[in-house]
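Contents: one structure, followed by commentary.
The chains referred to below are lettered A, B, ... by the order of the sequence lines, with proteins before strands, and numbering in each begins at 1.
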2 protein chains.
Amino acid sequence: MDKITPKAASRKEDIISAAITVFADLGYYRATTAQVAAQANISQPYVYRFYNTKEALLLAALERSWDRILQAFSSVREKVKPEDMETAFTEAYKNVLRNFQSEILLQMQAQTIQDPEIRKAMQSGMKRIRDYVLSSFQQSGYPEPEERTTIFLAKGMLCNIALAIDMDELMPNHL
Amino acid sequence: MDKITPKAASRKEDIISAAITVFADLGYYRATTAQVAAQANISQPYVYRFYNTKEALLLAALERSWDRILQAFSSVREKVKPEDMETAFTEAYKNVLRNFQSEILLQMQAQTIQDPEIRKAMQSGMKRIRDYVLSSFQQSGYPEPEERTTIFLAKGMLCNIALAIDMDELMPNHL
DNA sequence: TTCATTATTGATTCATCAATCAGTAATTTT
DNA sequence: AAAATTACTGATTGATGAATCAATAATGAA
């Protein structure tokens, strides 16, 4: 039956946090479940009580990282005047980069993993973000919202890279 | 003394090609030197006659991938009128993506590898490209060449991602 | 307190892989 | 054709890691 007790639920969260840190730092394939366990202060086998495979853990970690970005944008959309939408989104993303670097690095890792399950997760995450940004730009009455969305996303991706390889010169000016 | 015979030089190239394919496909850490060797039709130990470590092989592969892009741009710059520069660069990059997908995927992999040697290689590769594009845009008399270079690179990076996760909707229109 | 459920781990397994070594074939030089 | 150099491989090693199992501790209910 395996009921989900509060304690177990919080363990799951701990493990995801640990996985994000370790995977981002070492790379998914090089990182070991033992390192994730250590980071979460539990034993290696116990990880498998919550995630049946290393890949399931990666998927959970990715889900959190996509939720994070969407959450950041959606908390902005309520508060801000239409004409400030893009600037506000940019600020929101800057904060995600500052406070959740590892989640972004993890996404970058996952971009190049060819496994179908991972690929699906990345596609759907990317689509959620794009759709949200596009519809926000449309609602804000921006001209050429598609092109503007593309450029917004493109700058975001360049930003990720600048962060990952530690090259400030690469950062888009205002980001 | 280990003189470099023509045969050895061509073996080195074969191994790099094989490494690019295998690393891009499986990921650097998951890929094995035996798989690289198989792809190059040689035995696994023989790889080590040319590259002393797996990482040295990755560095060589990365160098080729950066050279490829610079080569593509520089062969364009000679042939094209200043006002067509950006469009021509875009076309040139499109061709690289078409014909050397694996090299791009490999670069994406390397973006998230934290090792100092790899990081240095990525920084210097990225810098070479950016400097070349920027100076080309400047020579072409484009207004705001920095901003234009940034957007050009940003769209390129988004393009890479669209390729990697197989999402055509993400592709910048004209690319 | 006893029983049941939930939380957790030590020890192990089986597989895999980077790197080395010690040697054999092929080719070139003399 | 012998010697020397270059090309190449089989076998091995030592380490490591995902996943499983069998068990023990802790917690809560009856």
Side-chain angles (χ1 to χ4, degrees), chain A residues 1-62 106 109-110 113-115 117-118, chain B residues 1-62 106 109-110 113-115 117-118:
Chain A
M1 271 305 128
D2 268 29
K3 232 193 289 182
I4 316 114
T5 70
K7 194 164 189 184
S10 116
R11 276 281 188 236
K12 269 190 104 156
E13 294 304 310
D14 293 348
I15 294 171
I16 293 181
S17 302
I20 288 169
T21 303
V22 173
F23 289 171
D25 211 47
L26 301 176
Y28 171 67
Y29 289 116
R30 198 175 37 153
T32 73
T33 57
Q35 289 168 312
V36 172
Q39 180 77 25
N41 295 308
I42 60 175
S43 68
Q44 183 261 343
Y46 201 35
V47 172
Y48 284 83
R49 192 61 51 166
F50 301 95
Y51 300 97
N52 293 322
T53 63
K54 196 183 173 189
E55 182 176 305
L57 181 51
L58 173 59
L59 285 166
L62 282 176
L106 182 68
Q109 305 241 2
I113 297 180
Q114 305 285 347
D115 178 283
E117 299 290 318
I118 309 296
Chain B
M1 270 303 126
D2 268 30
K3 234 191 295 181
I4 317 113
T5 70
K7 195 163 190 183
S10 116
R11 276 284 188 235
K12 267 190 108 158
E13 295 304 309
D14 293 347
I15 294 171
I16 294 182
S17 303
I20 289 169
T21 303
V22 173
F23 289 170
D25 211 47
L26 301 176
Y28 171 67
Y29 289 114
R30 197 174 38 151
T32 73
T33 58
Q35 289 168 313
V36 172
Q39 180 77 25
N41 295 306
I42 60 174
S43 68
Q44 182 261 343
Y46 201 37
V47 172
Y48 284 82
R49 196 59 59 168
F50 301 95
Y51 299 98
N52 293 323
T53 62
K54 196 184 173 189
E55 183 177 304
L57 182 51
L58 173 59
L59 285 166
L62 282 175
L106 182 69
Q109 305 242 359
I113 297 181
Q114 305 285 348
D115 178 283
E117 299 290 319
I118 309 296

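Rounded to whole angstrom, the span from the NZ atom of B:K54 across to the P atom of C:dA18 amounts to 4 Å. Between A:N52 atom CG and D:dC21 atom P the separation is 12 Å, expressed in whole Å. Across the protein-nucleic acid pair, A:L57 atom CG and D:dA19 atom P stand 10 Å apart, rounded to whole Å. Rounded to whole Å, atom P of D:dC8 lies 4 Å from atom CZ of B:R11. Between the CD1 atom of A:I15 and the P atom of C:dA7 there is a distance of 12 Å, given to the nearest Å.
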Using the 3.5 Å cut-off, write out each protein N or O paired with an N or O of nucleotides 9-14 of chain D and the distance between them.
{"unit_1": "D:dT9", "atom_1": "OP2", "unit_2": "B:S43", "atom_2": "N", "d": "2.8"}
{"unit_1": "D:dT9", "atom_1": "OP2", "unit_2": "B:S43", "atom_2": "OG", "d": "3.1"}

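Within the cation-pi definition used here (under 6.0 Å to the ring centroid, within 45° of the axis), A:K54 qualifies as a partner of A:Y28.
Using a distance-only test at 3.5 Å, with no hydrogens or angles considered, a donor-acceptor pair links the side chain of B:Q109 to the main chain of B:F23.
The minimum heavy-atom distance linking A:F50 with A:Y46 is given by the pair CD1-O, 3.3 Å. Closest approach of A:A40 to A:I15, counting heavy atoms only: CB-CA, 4.3 Å.
A distance of 8.0 Å separates OG1 of A:T53 from CG of A:L57, quoted to the nearest 0.5 Å. The distance from atom CD of A:Q114 to atom CZ of B:R30, rounded to the nearest 0.5 Å, is 8.5 Å. Here the CG-CG distance, from B:L106 to B:D25, works out to 11.5 Å after rounding to the nearest 0.5 Å.
Residue pairs that meet the side-chain hydrogen bond (donor to acceptor under 3.5 Å, both in side chains) test with at least one member in residues 33-43 of chain B, sequence neighbours left out, are B:T32-B:Q35, B:T33-B:Q44.
Listed in residue order, the members of residues 20-35 of chain B having a heavy atom less than 4.0 Å from DNA chain D come to none.
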